[in-house]
Protein chains: 2
Amino acid sequence: MSTADEFRRKKRATIIDVGHAAGVSDATVSRALNRPETVSEATRQKVQQAIVATGYVPNALAKAMVSGRSQTIGALIPTLDHAIFSKFLHTLESELSAQGFNLVVAVTNGNRDYEVSKAKKMLAMGVEGLIVSGLSHNDELTSEARRYGVPLVLTSYYQPDHAFPTIGYDNAKASALALDHLVAHGHRKIAVVHGPLVGNDRTRSRIAGLQEHPAAAGLNLIETDLSYAGGAAAIDRLTPGETAVLCLSDVLAMGALFVCQSRGIAVPQDLSIMGFDDLDPSKFVTPSLTTLSLPIAQMGQHTAAAMADHLMTGKPIRSIELPVMLQARASVAHRQS
Amino acid sequence: MSTADEFRRKKRATIIDVGHAAGVSDATVSRALNRPETVSEATRQKVQQAIVATGYVPNALAKAMVSGRSQTIGALIPTLDHAIFSKFLHTLESELSAQGFNLVVAVTNGNRDYEVSKAKKMLAMGVEGLIVSGLSHNDELTSEARRYGVPLVLTSYYQPDHAFPTIGYDNAKASALALDHLVAHGHRKIAVVHGPLVGNDRTRSRIAGLQEHPAAAGLNLIETDLSYAGGAAAIDRLTPGETAVLCLSDVLAMGALFVCQSRGIAVPQDLSIMGFDDLDPSKFVTPSLTTLSLPIAQMGQHTAAAMADHLMTGKPIRSIELPVMLQARASVAHRQS
DNA sequence: CTTGGCAATGTAGACGTCTACATCACGGAG
DNA sequence: CTCCGTGATGTAGACGTCTACATTGCCAAG
């Protein structure tokens, strides 16, 4: 046995020790803790003192096992190495914590099989709810959630007719909105720079939104890495005559913008660049980036609140559409030529 | 009772059900699962079939309670709304998961009391290890960790004489390295832009490193918000004669750089700007940002590995110093005047 | 043929908490 | 004075898994 094991086995006070110290049974201590009104004032005080004296801390594991309530939610996130998801997780955790829940997280890297396997571990651990990103998942994910009777919320998406609640925004509508903005500024030949399609249904949905747009014919789709370098590289793949670049992520847009800066391509005079996300730096770059502001913080807040509310009151979780807002700044101008 | 509760109570197969289906006792099923070599081949097969037939999934909660091993680690992070911490968490989770551990996270916003309260919840939940950021914490954090006999690792720091293992880099050494670089480029009057000092010992330590430097006399400390806007605002607070700005975070450096771009202040000709962190965009901005590359991914990897190793083998966790590297790029030049 | 040993399995708690039910004392109604 | 309701508390499982110890049967050594 290792030192760690010995430590772990060091006996801590239990509810029975407290009862002993207070001269009552464990059941009375439990009641004093969970339903104080069912216990006499005198007993409550004795128990309180005994708790202090013994340094008792309830064992949440034991409570979770007997009650079936672990007070824990699981979140499966594609990556944390992207501000969108980490900001989401930040607000999600804050709100969940405010409601008394713990959050266990796993990074999936967009791998569905891995996602399912982590989800199963979380369910075995007793999570009371599961939060995932996007719509497309291994079928086993939903079947396992059903089997355990655990609520599952899909985020970064809004699709009210889905079998599970979706809390997010309409990606297709958002990209159409972006394209509207470019078209309104006279652009007709537009490069669309986007990250990998595999395992990323948000990107696919954004592209779908563009392809249904009246101006779809003038679009040149460029797939690249979802990174600054990827955005920069995309500038080399523009087709002559294109006057605007619509990047389906601010990271790509900034990559493109920075390379334009270093090459002396004037933005927006020579080329308009539009982003998607509205990351923190986007309004500070030069020129400031015209982009779509995604309701990430709200999404975290609403997702946590809906989940907590459901778990505490049993009210069903409803899909919520959060608004995407156009941030018209300086990187898009009217077509010059 | 809510619908959710009914779901939750829906009976799932237990080890006893499996035993019943296989015609053996629960103990034998448990052995077949955990120490297959102690069970006959025939029995192992019967149990295997029974598991499939019943759809049995082990209840990790019950196992954790009886074994005292939850396979769960807790991480207390100041914020996830900053790439440094989210990248750390990303690698931490990936590695921990690879070792078979779950990760529960809480965002503390640098509030020590809150940190302790979350730590206590995690300990009550049965986490087997705790990972925090920085050196300064509420004393109760360490005493609780001790009380539960749970290993505690401090990150973003390296201080081998600390009572708990530290895995990170030497912040003071790093900032001195940065200052060396500026001094080597002829700069003598240097503005140091940093985020809030309260609740952030990394920043304090970096400043301490500067103040012990031979060139400390020429430094002008400017405290601002840790944000792009804060970095931008700091430019207005420069003292005449200052030829370089050392920002103790790339976010601040980029905020400063962007505002210089928009005002036509030439970097590095008119002003050298140096960052700290080496965030993803830093090498793509124009001019590319000279900065200190922090070993964040390695830190996540090493922290997870050390924790997992300790928990599995009992080997003590040793402090690890990770190297900080100077990234000499284009935003720092020799003093012109 | 007896006996000791070993492999395979079962039995019986134990982990810490909760809760349905039983018990008890008390006081008011009849 | 008796009876019953009520509030307060104790008792005894139950949650699902693990494991020390007991039991069984078989085989080989003597």
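- A side-chain donor-acceptor contact under 3.5 Å links B:Ser86 to the backbone of B:His82.
- The distance between atom CZ of B:Arg69 and atom C1' of D:dT17, rounded to the nearest whole Å, is 16 Å.
- Taking atom CG of residue B:Asp17 and atom C1' of nucleotide D:dT17, one finds them 13 Å apart after rounding to whole Å.
- In this structure, B:Arg44 contributes its side chain and B:Leu33 its backbone to no donor-acceptor pair below 3.5 Å.
- Donor-acceptor pairing under 3.5 Å is lacking for the side chains of A:Lys118 and A:Thr108.
- Nucleotide D:dG16 holds its C1' atom 13 Å from the OH atom of A:Tyr148, rounded to whole Å.
- For B:Leu33 and D:dG16, the CG to P distance is 16 Å, given to the nearest whole Å.
- With hydrogens and angles ignored, the 3.5 Å screen pairs no side-chain donor or acceptor of A:Tyr148 with any backbone N or O of A:Ser143.
- Looking only at distances, no side-chain donor or acceptor of B:Asn109 sits under 3.5 Å from a matching main-chain atom of B:Asn111.
- In this structure, CG of A:Leu61 is placed 13 Å from P of C:dC18, rounded to the nearest angstrom.
- With C:dT19, C:dT17, D:dT17 as the candidates, the nucleotide lying closest to the side chain of A:Thr14 is C:dT17.
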Atom pairs under 3.5 Å: protein N/O with N/O of nucleotides 8-11 of chain C:
{"unit_1": "C:dT9", "atom_1": "OP1", "unit_2": "B:Ser40", "atom_2": "OG", "d": "3.2"}
{"unit_1": "C:dT9", "atom_1": "OP1", "unit_2": "B:Thr43", "atom_2": "OG1", "d": "2.2"}
{"unit_1": "C:dT9", "atom_1": "OP2", "unit_2": "B:Ser40", "atom_2": "N", "d": "3.1"}
{"unit_1": "C:dT9", "atom_1": "OP2", "unit_2": "B:Thr43", "atom_2": "OG1", "d": "3.4"}
{"unit_1": "C:dG10", "atom_1": "OP2", "unit_2": "B:Ser25", "atom_2": "N", "d": "2.8"}
{"unit_1": "C:dG10", "atom_1": "OP2", "unit_2": "B:Ser25", "atom_2": "OG", "d": "3.0"}
{"unit_1": "C:dG10", "atom_1": "OP2", "unit_2": "B:Thr28", "atom_2": "OG1", "d": "2.6"}
{"unit_1": "C:dG10", "atom_1": "N7", "unit_2": "B:Arg31", "atom_2": "NH2", "d": "2.8"}
{"unit_1": "C:dG10", "atom_1": "O6", "unit_2": "B:Arg31", "atom_2": "NH1", "d": "3.1"}

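- A donor and an acceptor atom, one from each side chain of B:Gln49 and B:Gln45, are nowhere located under 3.5 Å apart.
- In this structure, the CE atom of A:Met65 is 11 Å from the P atom of C:dT17, given to the nearest Å.
- Put simply, CG on A:Asn59 is 10 Å from P on C:dC18, counting in whole angstrom units.
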